[in-house]
Every structure is written in C-alpha cells, then in structure tokens.
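Scroll down for the structure; my scribbles are underneath it.
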Amino acid sequence: MPEMASPKSEIRDGMRIDWDVPIRMDDGLVLRCDVFRPEKEGRYPVILSYGPYAKGLAFQEGYPSAWQRMVDEHPDVARGSTNQYQNWEVVDPEKWVPEGYVCARVDSRGTGRSPGRIDHFSPRETKDFYDCIEWAGTQAWSSGKVGLNGVSYYGINQWHVASLAPPHLAAMCIWEGAADWYRDMTHHGGILSTFWANWYDMQVKTVQYGLGEKGPRSRVTGELVCGDETLSDAELRKNRADFGRPRASIAGPFYKAVIHRGCGGQKPWKAGARAHHHAHFPHLWRGVWRREKPL
C-alpha cells in the first residue's frame with residue numbers, strides 16, 4: 001500500500017483546514033480525517049463524524065438531485081456559506097467554525113481515503129469510531145469535549161459507539177438514527193426492506209478506498225477522493241464484506257451474522273437502548289430510520 005502524501009494545512013474561507021490528517025487505530029491501520037477549525041489558535045469543542053460517504057466528495061456532485069431539492073425547499077441551509085465544503089448528511093463547517101467549533105470528518109475504514117476492509121456496524125468499525133473520538137479529544141486544538149452530529153448512518157453509529165462510553169464523548173445529535181436493527185432497519189412494519197443491498201451498491205461501493213483514478217476527484221483539493229492507489233475489481237471485492245445479501249429472509253446468512261454478532265459488538269436491538277439509558281451527557285434523538293404509513 002503506497003504512502004499517501006503528508007497532511008496539508010491551509011487558511012481558506014476564514015478557517016484553518018487540515019486535510020488528510022492521519023489517525024492510527026489500535027491495529028496499526030491509519031484512517032484519514034479532514035479538520036476544519038478557527039484561524040485563531042485555541043482549544044475548541046469538536047463536532048466529529050465517522051462514516052463511509054467519502055469526506056472529499058461534494059454533496060452537490062455525489063447527490064445532485066438531493067442537493068437541488070434541499071436548496072429549493074430549504075434555502076436557509078445554503079445561505080451564508082460558500083457551500084464548497086458541504087458533504088452528505090454531516091454539518092457544514094462554514095456554519096459551525098465561526099461559532100467556535102472544530103469540525104472533523106473521518107473516512108471510515110475502507111472508504112474514501114481510509115484504507116482497510118469495509119465491514120459496516122461491526123465491532124471493528126465501532127472501535128475505530130471510539131479511537132477517533134479519543135484522538136479528537138486529546139488534540140492541541142481540542143477542548144477535550146467531543147460531540148457527534150449526523151444523519152442516518154452518522155446517527156446509527158452514534159448509538160453503537162456511545163455504548164462503549166468513550167471518555168471524551170460529551171454530546172450526541174442523532175438525526176434519523178435507527179436503534180433497533182430489525183424494526184428500524186431491516187423489517188419496517190414486519191416487511192423485509194431491500195434498502196441495504198441497493199444502498200451498498202449505490203452509495204458505498206462507489207466511494208470505496210482503492211478506486212483511485214477510477215473514482216472522482218475533490219472539487220476543493222483536486223485530490224483523488226478514494227485514495228491514491230487504484231486496485232483491481234478483485235482486490236476491491238476482497239476489501240469489503242458482502243453486506244446486504246442475500247435479502248430473501250431473516251434466515252439468510254447476512255441477517256444471521258448481524259443478529260448473532262451484533263452491531264458494534266452488541267446485540268443490535270440492545271446497543272441503542274444501552275447507550276440511551278446510560279449516556280450521562282446531552283443527546284438529542286430526532287426521528288427514526290423507518291417510514292410506517294397506514295395502507
């Protein structure tokens with residue numbers, strides 16, 4: 001695996017931005033993080049996100065129809081920002097950094113510019129998230145208080161990591177984050193949802209680490225969004241779990257594996273409940289990850 005370039009730091013749009021900061025995990029793998037912080041040196045609270053959608057992929061390019069619908073229906077979201085740093089389902093640093101926060105975005109293992117094997121909601125991924133929180137809480141620019149904020153995937157994994165009680169985790173803001181694997185995520189109203197297989201193909205495999213030259217480039221930095229090396233299709237398959245298949249029933253290997261292994265090292269129906277009842281810090285849970293309407 002080739003070494004990626006050293007992280008770069010620059011002043012842009014009133015922020016100090018550190019690109020591709022390395023975060024070493026307990027197994028030696030290095031994940032990559034972009035850090036947006038105030039120009040003035042100091043110690044600030046951190047808003048952290050960790051997920052698979054590629055920190056270098058602009059919202060407008062990765063999800064153009066969703067972006068257009070959002071700004072048409074909610075123009076206040078784009079107002080007051082250059083929108084250059086907008087990223088799918090996480091906060092806009094141009095709104096938060098001027099208010100005295102650091103915004104840190106980590107590409108999860110195997111996605112974007114972070115190498116490794118993709119294994120969503122696994123104990124390994126949850127431990128990575130834990131390590132990222134503890135890293136963010138001990139940096140020179142950090143106040144020691146780390147908050148989590150994000151939508152859907154970025155909400156679901158908040159429940160998982162909170163169940164491990166990271167010492168520097170100070171707050172969570174969970175938007176549409178499922179806490180019950182069966183009810184909220186795979187069987188809405190008891191009916192099997194095929195969302196996960198489609199999601200994996202369309203939103204994760206398209207930004208897997210190792211796409212390299214076959215993937216997009218960042219509109220801001222010009223860097224390859226999915227890592228500097230270009231892997232073969234066989235290598236890419238080897239570096240990701242067969243997530244979401246087969247879909248036929250709860251008895252399928254995928255669902256059995258999740259139920260028996262659990263999410264984040266716990267039974268999937270317990271991780272969220274445990275975090276909710278034992279979280280000794282502010283946490284806002286807005287909405288759930290399902291749509292149930294009367295027939």
Side-chain angles (χ1 to χ4, degrees), residues 4 12-13 15 17 19-21 31-36 47-79 81-96 103-116 118 120-121 125 129 148-158 175-177 195-231 233 236 239-240 243-244 289:
M4 285 200 288
R12 295 183 64 143
D13 298 305
M15 301 179 288
I17 309 175
W19 303 107
D20 261 358
V21 179
L31 304 183
R32 295 288 173 165
C33 173
D34 291 342
V35 179
F36 304 81
I47 301 173
L48 178 72
S49 58
Y50 169 100
Y53 298 134
K55 60 185 177 60
L57 182 64
F59 191 151
Q60 300 92 320
E61 294 183 355
Y63 304 88
S65 61
W67 170 262
Q68 194 57 54
R69 186 166 63 252
M70 182 182 72
V71 296
D72 286 346
E73 297 178 7
H74 305 281
D76 54 302
V77 174
R79 192 177 299 129
S81 172
T82 69
N83 298 301
Q84 288 194 86
Y85 312 100
Q86 292 273 15
N87 197 228
W88 181 246
E89 297 192 325
V90 295
V91 301
D92 178 1
E94 288 189 90
K95 297 290 184 74
W96 288 90
C103 294
R105 295 172 175 169
V106 185
D107 279 339
S108 59
R109 184 177 293 240
T111 66
R113 291 183 65 81
S114 292
I118 301 172
H120 296 301
F121 307 126
E125 188 179 74
F129 197 1
L148 310 177
N149 195 345
V151 182
S152 192
Y153 194 102
Y154 295 105
I156 295 166
N157 65 7
Q158 289 184 51
W175 298 95
E176 299 178 359
F195 168 82
W196 286 109
N198 299 324
W199 167 82
Y200 201 38
D201 288 343
M202 297 174 64
Q203 292 185 249
V204 178
K205 292 180 183 179
T206 52
V207 290
Q208 183 177 355
Y209 175 88
L211 283 174
E213 293 287 351
K214 295 184 289 186
R217 284 187 179 270
S218 166
R219 65 192 293 177
V220 177
T221 66
E223 300 288 342
L224 292 165
V225 168
C226 302
D228 294 335
E229 61 178 332
T230 303
L231 302 179
D233 290 344
L236 290 170
N239 285 343
R240 62 180 183 249
F243 193 87
W289 197 89

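For this chain, numbers begin at 1 and follow the sequence in order.
- Across T206 and C226, no two heavy atoms sit closer than the pair O-SG, 4.3 Å.
- Judged purely by distance below 3.5 Å, without hydrogens or angles, the side chains of Y153 and H120 pair a donor atom with an acceptor atom.
- Note: W19 CH2 to R32 CZ = 14.0 Å, rounded to the nearest 0.5 Å.
- The heavy-atom pair separating P93 from C103 by the smallest distance is CA-SG, 3.9 Å.
- Judged by distance alone, the side chains of Y85 and D13 do bring a donor and an acceptor atom under 3.5 Å apart.
- Here the straight-line distance linking atom CD of Q208 with atom NZ of K214 works out to 9.5 Å at 0.5 Å rounding.
- Proximity of a side-chain donor or acceptor of N157 to a complementary backbone N or O of F129 within less than 3.5 Å is not detected.
- The shortest non-hydrogen separation linking D72 to P75 is O-CD, 4.0 Å.
- How far OH of Y50 is from CG of D107: 9.5 Å, rounded to the nearest 0.5 Å.
- Atoms CZ and CH2, from F36 and W96 in turn, are 15.0 Å apart once rounded to the nearest 0.5 Å.
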Worked verdict on N239 versus Y209 for side chain to side chain contact (heavy atoms under 4.5 Å, CB included): CA-CA 9 Å; N239 285 343; Y209 175 88; 5.9 Å; no

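- Residue S152 comes nearest to E89 through the heavy atom pair CB-OE1, 3.6 Å, listed as atom of the first residue, atom of the second, then distance.
- Not one N or O on the side chain of S114 forms a donor-acceptor pair closer than 3.5 Å with the backbone of R109.
- Using modelled atom types, one side-chain atom of E94 and one backbone atom of N83 make a donor-acceptor pair closer than 3.5 Å.
- Of the charged side-chain nitrogens involved, at least one lies within less than 4.0 Å of a carboxylate oxygen, so that K55 and D20 count as a salt-bridged pair.
- Remark: D228 CG to R113 CZ distance equals 4.0 Å, nearest 0.5 Å.
- Ring geometry for W88 versus Y63: interplanar angle under 30°, hence parallel rather than tilted (30 to 60°).
- The two residues N149 and V91 come nearest to each other via the heavy atoms ND2-CG1, 3.6 Å.
- Not a single donor-acceptor pair under 3.5 Å links the side chain of N87 to the backbone N or O of G56.
- K95 contributes a side-chain N or O that, together with a main-chain N or O of R79, makes up a donor-acceptor pair within less than 3.5 Å.
- Q68 places no side-chain N or O within 3.5 Å of a backbone atom of P64 that could act as its donor or acceptor partner.
- Remark: R240 CZ to K205 NZ distance equals 4.5 Å, nearest 0.5 Å.
- In this structure, R217 and E61 approach most closely via the heavy-atom pair O-OE1, 4.2 Å.
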